[in-house]
Amino acid sequence: MTTLDHVTLRTSHVAVTRQFFIDLFNLKEGSRPLEIQHISGCWLYSGEEPIVHLIESFDGGFSIDGEMIDHIAFRLDDYSSFMSKIRMRNIPFSQMSLKELGEHRVFLRAPGGQLIETVFRGDAAKVAFAENKGT
């Protein structure tokens with residue numbers, strides 16, 4: 001079995017990107033190993049697992065943009081609550097229903113430009129399908 005352990009994002013917007021993931025995905029900032037605390041950044045946890053690592057980027061003479069990694073995706077289970085959060089914050093987004101797969105997806109960008117995909121399945125997808133009828 002293979003599972004994704006974590007994603008590391010380099011950003012010059014650590015504080016605002018940190019808050020973005022905390023607010024939208026209910027992640028919590030947690031501890032990092034002593035060996036890497038000299039690197040500016042933070043780890044964000046889902047439960048006991050650090051799933052998003054943020055590292056501060058500095059202009060090192062090479063291009064850093066959100067398209068180095070095409071996107072990262074999170075599976076969520078409360079479509080209405082998530083949509084309320086992004087609408088309340090006026091975050092631009094797009095949506096896609098994949099009814100054949102029983103999935104609804106919402107796309108948005110983190111403050112550093114990284115593309116974030118959220119995937120809703122099961123009952124959450126049914127809610128999304130109903131709310132997006134005719135769009």
Side-chain angles (χ1 to χ4, degrees):
M1 179 173 147
T2 301
T3 61
L4 180 65
D5 186 75
H6 71 275
V7 62
T8 298
L9 302 175
R10 288 187 177 270
T11 179
S12 56
H13 312 279
V14 171
V16 69
T17 302
R18 173 191 166 278
Q19 200 60 47
F20 171 87
F21 282 104
I22 288 171
D23 290 347
L24 294 184
F25 299 101
N26 300 318
L27 301 181
K28 308 268 189 244
E29 185 171 0
S31 63
R32 296 189 303 152
L34 289 174
E35 294 86 353
I36 64 167
Q37 288 185 5
H38 67 282
I39 301 168
S40 182
C42 63
W43 282 10
L44 302 175
Y45 285 69
S46 176
E48 299 296 313
E49 298 298 322
I51 64 168
V52 175
H53 300 181
L54 301 177
I55 297 175
E56 187 169 14
S57 64
F58 301 97
D59 182 16
F62 56 93
S63 175
I64 301 279
D65 67 33
E67 298 301 330
M68 291 176 62
I69 295 174
D70 185 73
H71 69 278
I72 60 173
F74 295 95
R75 189 172 310 148
L76 302 176
D77 58 9
D78 189 342
Y79 173 79
S80 298
S81 174
F82 181 75
M83 294 306 295
S84 292
K85 288 178 183 181
I86 63 175
R87 285 183 174 124
M88 186 177 1
R89 291 166 177 81
N90 295 314
I91 297 172
F93 64 92
S94 63
Q95 301 186 73
M96 173 192 303
S97 287
L98 300 172
K99 291 184 179 180
E100 184 177 345
L101 297 177
E103 293 182 353
H104 185 79
R105 298 174 181 194
V106 179
F107 300 90
L108 57 146
R109 294 209 176 259
Q114 300 88 355
L115 182 60
I116 309 297
E117 175 183 346
T118 58
V119 179
F120 299 90
R121 294 182 178 164
D123 290 340
K126 290 175 187 173
V127 169
F129 297 158
E131 288 187 19
N132 290 287
K133 226 176 235 183
T135 58

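Only heavy atoms go into these numbers, but all of them, side chains included; no hydrogens, no water, no symmetry mates.
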*Asks:* For residues L27 and I22, report the shortest heavy-atom separation together with the two atoms involved.
*Replies:*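 In this case the closest contact between L27 and I22 is O-CG1, 3.4 Å.
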*Asks:* To the nearest 0.5 Å, how far apart are CZ in R10 and CD in E56?
*Replies:*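 CD of E56 is found 10.5 Å from CZ of R10.
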*Asks:* Kindly compute the distance separating CD (E29) from SG (C42), expressed to the nearest 0.5 Å.
*Replies:*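 Output value for this atom pair is 4.5 Å.
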*Asks:* Among side-chain atoms of S80 and E131, is any donor-acceptor pair under 3.5 angstrom?
*Replies:*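 A pair is found: one side chain offers a donor N or O, the other an acceptor, under 3.5 Å apart.
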*Asks:* Within this structure, what is the CD-CG distance for the pair Q114 and L54, rounded to the nearest 0.5 Å?
*Replies:*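 Answer for the CD-CG pair, Q114 versus L54, is 8.5 Å.
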*Asks:* To the nearest 0.5 Å, tell me how far M83 CE sits from N132 CG.
*Replies:*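 Going from the CE atom of M83 to the CG atom of N132 covers 7.0 Å.
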*Asks:* Going through the distances and angles, do L76 and V119 end up as a side chain to side chain contact (heavy atoms under 4.5 Å, CB included)?
*Replies:* CA-CA 6 Å; L76 302 176; V119 179; over 6 Å; no
*Asks:* Take a 6.0 Å sphere around CG of D78 and say whether it holds more than 12 heavy atoms from other residues, nucleotides or ligands.
*Replies:*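 Yes, the 6.0 Å shell around CG holds more than 12 heavy atoms from other groups.
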*Asks:* Could you grab the distance from atom CZ of F74 to atom CD1 of I51, nearest 0.5 Å is fine?
*Replies:*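 If I round to the nearest 0.5 Å, the distance is 5.0 Å.
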*Asks:* Looking only at heavy atoms, what is the nearest atom pair of G41 and V14, with distance?
*Replies:*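 Scanning both residues, the minimum pair turns out to be CA-CG1, 4.5 Å.
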*Asks:* Do I91 and L44 sit in the same hydrophobic cluster, where Ile, Leu, Val, Met, Phe, Trp and Tyr count as joined when their side-chain heavy atoms come under 4.5 Å apart?
*Replies:*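 In one cluster with I91: L44, yes.
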*Asks:* Could you tell me which non-hydrogen atom of A125 sits nearest to which non-hydrogen atom of H104, and how far apart they are?
*Replies:*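 That would be CB-N, 4.1 Å.
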*Asks:* Can you confirm whether I72 sits close enough to L115 that some side-chain heavy atom of one is under 4.5 Å from a side-chain heavy atom of the other?
*Replies:*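 Of all side-chain heavy-atom pairs linking L115 with I72, none is under 4.5 Å.
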*Asks:* Salt-bridged, K85 to D23, with N to O below 4.0 Å?
*Replies:*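 Salt bridge: no.
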*Asks:* Locate the shortest heavy-atom distance separating E48 from P50; write the atom from each residue and the value.
*Replies:*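 Scanning both residues, the minimum pair turns out to be O-CD, 3.8 Å.
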*Asks:* Short question: side chain of R32, backbone of I39 - any donor-acceptor pair under 3.5 Å?
*Replies:*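 Pair found, side chain donor or acceptor close to backbone of I39.
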*Asks:* Search all heavy atoms of H13 against all heavy atoms of P111 and return the closest pair with its distance.
*Replies:*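 Smallest interatomic distance, heavy atoms only, reads CD2-O, 3.9 Å.
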*Asks:* Spell out, as yes or no, whether a donor-acceptor pair under 3.5 Å connects the side chain of S97 to the backbone of K99.
*Replies:*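 Looks like no, no N/O pair under 3.5 Å.
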*Asks:* Any donor-acceptor pair under 3.5 Å linking the side chain of T118 with the backbone of V106?
*Replies:*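 Between the backbone of V106 and the side chain of T118 there is a qualifying donor-acceptor contact (under 3.5 Å).
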*Asks:* Give the C-alpha distance, both sets of side-chain angles, the deciding distance and a yes or no for side chain to side chain contact (heavy atoms under 4.5 Å, CB included) between F20 and I116.
*Replies:* CA-CA 11 Å; F20 171 87; I116 309 297; 4.2 Å; yes
*Asks:* Please tell me whether L101 and F120 are part of a single hydrophobic cluster in this structure, the criterion being side-chain heavy atoms less than 4.5 Å apart.
*Replies:*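 Per the 4.5 Å side-chain linkage, L101 and F120 are not co-clustered.
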*Asks:* Does the plane of the ring in F25 sit parallel, tilted or perpendicular to the ring in F82? Use 30° and 60° as the thresholds.
*Replies:*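 The rings of F25 and F82 sit tilted, inter-plane angle from 30° to 60°.
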*Asks:* With sequence neighbours excluded, give me every ring-ring contact (aromatic ring centres under 6.0 Å, His included) pair touching residues 29-49.
*Replies:*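 Every pair satisfying ring-ring contact (aromatic ring centres under 6.0 Å, His included) with a residue in residues 29-49: W43-H53.
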*Asks:* Going through the checks in order, is the side chain to side chain contact (heavy atoms under 4.5 Å, CB included) test met by R75 and R121?
*Replies:* CA-CA 8 Å; R75 189 172 310 148; R121 294 182 178 164; 2.8 Å; yes
*Asks:* Using 0.5 Å steps for rounding, measure from the CD atom of Q19 to the CG atom of L24.
*Replies:*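 Rounded to the nearest 0.5 Å, the CD-CG separation comes out at 9.5 Å.
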*Asks:* Does E103 pair with R105 as a salt bridge, N-O distance under 4.0 Å?
*Replies:*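 Yes, this pair counts.
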